[in-house]
Amino acid sequence: MADARLRTWLCVILSIQILIKSEAFNVGITYVQNAVAKGAVCLDGSPPAYHFDKGVGAGANNWLILFEGGAWCNNVTTCLARRDTRLGSSKQMVKELSFSGILSNKQKFNPDFYNWNKIKVRYCDGASFTGDVEAVNPATNLHFRGARAFVAIVEDLMSKGMSNAQNAILSGCSAGGLAAILNCDRFRALMPARTKVKCLADAGYFINAKDVSGASHIENFYSEVVATHGSAKNLPTSCTSKMKPGLCFFPQNVVPQIQTPLFIINAAYDAWQIKNILAPGVADPHGTWNSCKLDIKKCSPNQLKIMQDFRLEFLRALSAVGTSPSRGMFIDSCNTHCQAGTEATWLRNDSPIVAKTSIAKAVGDWYYERITSQKIDCAYPCNPTCHNGMFD
């Protein structure tokens, strides 16, 4: 009997894997070789890279750029640890990536953007494409040039047809979502005036909150990222003219001044933020949060209370987005991280729903201005459609 049940579950798992594969497709890598001469490089000095699926038909002049995530490095030691990995060198990146979710080329799974030019930009600078330090220490060979790499990538895509774009979206997941926010108006300025440009941040709305020990861990960390990478001059001056540059790495201090239309996708109990902002290891030396961080169902009543308070703090920070029709949001009550790039959470029969709306429909409604699209979910555990525990 047990063997029969095991075989049944294996068949179910295999069927799900086949289904997921059928929704995705692989796209080869492109290196921006001419960026090296401009000093627009990854941490190790290698060229930036992206994966490009060409648009077809009515989408041939529409462009969607999605920046990959992967956290940040805040000093020479942590940047050296990244330098010779895929997060610091295009030499270490896989040659093909699977496209799914908002990058899907199937109308059924991505009705509004399936036929667009779709680009996934690899993340290899460690500062959400904001850094620019001219000097390179030969002892470490670390290049802090993310801002230059951003411009070089956009210019390369312009030479491949994006200069004729009718529509364009700058998007990203996690640290890439933050890159989409911080570089949103810069992208608008680089694009032709005739192009309709909007920005989309998925799991990139990181908030300035104290951790469970009462320390300002993430604030200090971001200040170190900005200082190490020389990011201050590439952060919005509307923010840096009013406060310390490190505080301008937080979306809540930047989005009020962003001129370009913006959409925020985020879980109110974002898995990365719970693990690294609210309860980082340094604030939890005895590991009392370990089980809770892995599975929200294993959180104690007191931990859940703290997480509910974090949600409220997140929503207060989110109020900076405002209520303009040009601003959209989809904030679910899930415990996950990055939801646009995966079919399971972007648009499937069992994808997360808020106010009877999927993420894919909410984003499409906002971009094409079909209706005002600002969806905020009720508190955990109210939403049975959540895919908790997924972590990109």
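On a predicted model such as this, the values are computed, not experimentally measured, just so you know.
Across every non-hydrogen atom of Val225 and Ser231, the tightest pair is O-OG, 4.3 Å. The nearest pair of heavy atoms linking Pro251 to Gly204 is CG-O, 3.5 Å. In plain terms, the two heavy atoms of Leu43 and Leu87 that are nearest each other are CD1-O, 4.2 Å. When all heavy atoms of Cys382 and Pro384 are compared, the pair lying nearest together is O-CD, 3.2 Å. Closest approach of His229 to Cys73, counting heavy atoms only: NE2-O, 3.0 Å. Pairing each heavy atom of Asp270 with each of Ala203, the nearest pair is OD2-CB, 3.7 Å.
Inspection of the Trp63 and Asn167 side chains reveals no N or O donor paired with an N or O acceptor under 3.5 Å. Side chain to side chain, Gln339 and Asn266 fail the donor-acceptor criterion of an N or O pair below 3.5 Å. Side-chain contact of Asp211 with Ser213: a donor-acceptor pair under 3.5 Å is present, judged by distance alone. In the model, Trp72 has a side-chain atom that pairs as donor or acceptor with a side-chain atom of Ser128 under 3.5 Å. A donor-acceptor contact closer than 3.5 angstrom is absent between the side chains of Tyr205 and Gln252. A donor atom on one side chain and an acceptor atom on the other are not found under 3.5 Å apart for Glu224 and Asn75. Thr288 and Asp284 form a side-chain donor-acceptor contact under 3.5 Å, judged by distance and modelled atom types alone. With 3.5 Å as the limit, one finds a donor-acceptor pair spanning the side chains of Ser333 and Asp377.
Between Asn110 atom CG and Leu64 atom CG the span is 8.0 Å, to the nearest 0.5 Å. A distance of 11.5 Å separates CD1 of Ile218 from CG of Leu278, quoted to the nearest 0.5 Å. The CG atom of Leu262 sits 6.0 Å away from atom CD1 of Ile181, with the distance rounded to the nearest 0.5 Å. Note that CG of Asn183 and OG1 of Thr130 are 7.5 Å apart. Values are rounded to the nearest 0.5 Å. Distance check, rounded to the nearest 0.5 Å: CG of Leu200 to CD1 of Ile359 gives 10.0 Å. Between atom CG of residue Asp365 and atom CD1 of residue Ile371 there is a gap of 4.0 Å, rounded to the nearest 0.5 Å.
By the 4.0 Å N-to-carboxylate-O rule, Asp295 lies too far from Lys297 to be salt-bridged with it. Residues Asp44 and Arg83 are not paired through a salt bridge, judged by the lack of any N-O separation under 4.0 Å between the basic side chain and the carboxylate. Ion pairing between Glu155 and Lys38 holds under the 4.0 Å rule for side-chain N and carboxylate O.
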query: Can Lys106 and Glu343 be said to form a salt bridge (Lys or Arg N to Asp or Glu O under 4.0 Å), step by step?
result: CA-CA 11 Å; Lys106 294 180 175 61; Glu343 209 63 62; over 6 Å; no

Candidate pair Trp272 and Ser174, rule side chain to side chain donor-acceptor pair (under 3.5 Å), full reasoning:
CA-CA 9 Å; Trp272 193 93; Ser174 192; 5.4 Å; no

query: Does the side-chain contact (heavy atoms from CB on, under 4.5 Å) test come out yes or no for Ile277 and Asn208, once each step is laid out?
result: CA-CA 8 Å; Ile277 294 180; Asn208 188 8; over 6 Å; no

(Q) Between Trp289 and Leu294, does the side-chain contact (heavy atoms from CB on, under 4.5 Å) criterion hold? Intermediate values first, please. (A) CA-CA 9 Å; Trp289 278 80; Leu294 289 173; over 6 Å; no

Given the rule in the side-chain contact (heavy atoms from CB on, under 4.5 Å) test, do Phe150 and Asn234 qualify, once you have shown the distances and angles that lead to the verdict?
CA-CA 11 Å; Phe150 175 83; Asn234 294 308; over 6 Å; no

* Verdict with supporting geometry, Lys375 and Ile331, side-chain contact (heavy atoms from CB on, under 4.5 Å) -> CA-CA 6 Å; Lys375 315 290 184 186; Ile331 311 299; over 6 Å; no

Quiz item: Please walk me through it: do Ser216 and Asn220 pass side chain to side chain donor-acceptor pair (under 3.5 Å)?
Solution: CA-CA 6 Å; Ser216 301; Asn220 295 333; 5.7 Å; no

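Under a hydrophobic clustering in which Ile, Leu, Val, Met, Phe, Trp and Tyr are joined whenever their side-chain heavy atoms come within less than 4.5 Å, directly or via other members, Ile306 and Phe310 fall into the same cluster. Hydrophobic clustering, with ILVMFWY side chains joined whenever heavy atoms are under 4.5 angstrom apart, groups Val197 together with Leu190. Under a hydrophobic-cluster definition in which Ile, Leu, Val, Met, Phe, Trp and Tyr are linked whenever side-chain heavy atoms come within less than 4.5 Å, directly or via other members, Phe221 and Val212 are assigned to the same cluster.
Residues Leu235 and Val226 are in side-chain contact: their nearest non-hydrogen atoms beyond the backbone lie under 4.5 Å apart. Counting only heavy atoms from C-beta outward, the side chains of Asp132 and Phe144 never approach each other to under 4.5 Å. The shortest distance between side-chain heavy atoms of His143 and Arg148 does not fall below 4.5 Å. Residues Cys248 and Met243 form a side-chain contact, since some pair of their non-hydrogen atoms from C-beta on lies under 4.5 Å apart. Contact check for Pro192 versus Met158: side-chain heavy atoms found under the 4.5 Å cut-off. Side-chain contact check for Pro236 versus Ile258: every heavy-atom pair is 4.5 Å or farther apart. For the pair Leu66 and Lys118, the minimum side-chain heavy-atom distance is 4.5 Å or more. No side-chain heavy atom of Met93 sits less than 4.5 Å from a side-chain heavy atom of Glu68.
Within the structure, the disulfide bond (SG atoms under 2.5 Å apart) test picks out the following pairs touching residues 113-143 (sequence neighbours left out): Cys42-Cys124.
Not a single donor-acceptor pair under 3.5 Å links the side chain of Asn117 to the backbone N or O of Lys54. For the pair Arg145 (side chain) and Gly39 (backbone), a donor-acceptor distance under 3.5 Å is present.
Residue-environment remark: NZ (Lys160) exceeds the threshold of 12 foreign heavy atoms within 6.0 Å. Counting heavy-atom neighbours within 6.0 Å of Lys210 NZ, excluding the residue itself, gives a total of 12 or less. For Lys305, the NZ atom is loosely surrounded, since the number of other residues' heavy atoms within 6.0 Å does not exceed 12.
Remark: Arg82 qualifies as a cation-pi partner of Tyr123 under the 6.0 Å distance and 45° angle criteria applied to the six-membered ring. Judged by a 6.0 Å distance limit and a 45° cone about the ring axis, Lys198 is positioned over the six-membered ring of Tyr367.
The aromatic ring centroids of Phe129 and Phe67 lie less than 6.0 Å from each other. Taking the six-membered ring wherever Trp is involved, the centroid distance between the rings of Tyr222 and Phe250 falls below 6.0 Å.
In this structure, Phe25 and Phe99 have perpendicular ring planes: the angle between them is above 60°, well past the 30° mark. Below 30°, between 30° and 60°, or above 60°: for Phe206 and His337 the angle between ring planes is between 30° and 60°, a tilted geometry.
The side chain to side chain donor-acceptor pair (under 3.5 Å) check on Gln374 picks up nothing, with sequence neighbours excluded.
When each of Lys95, Lys120, Arg122, Glu96 is tested with His51 by the rule side-chain hydrogen bond (donor to acceptor under 3.5 Å, both in side chains), just one qualifies, namely Arg122.
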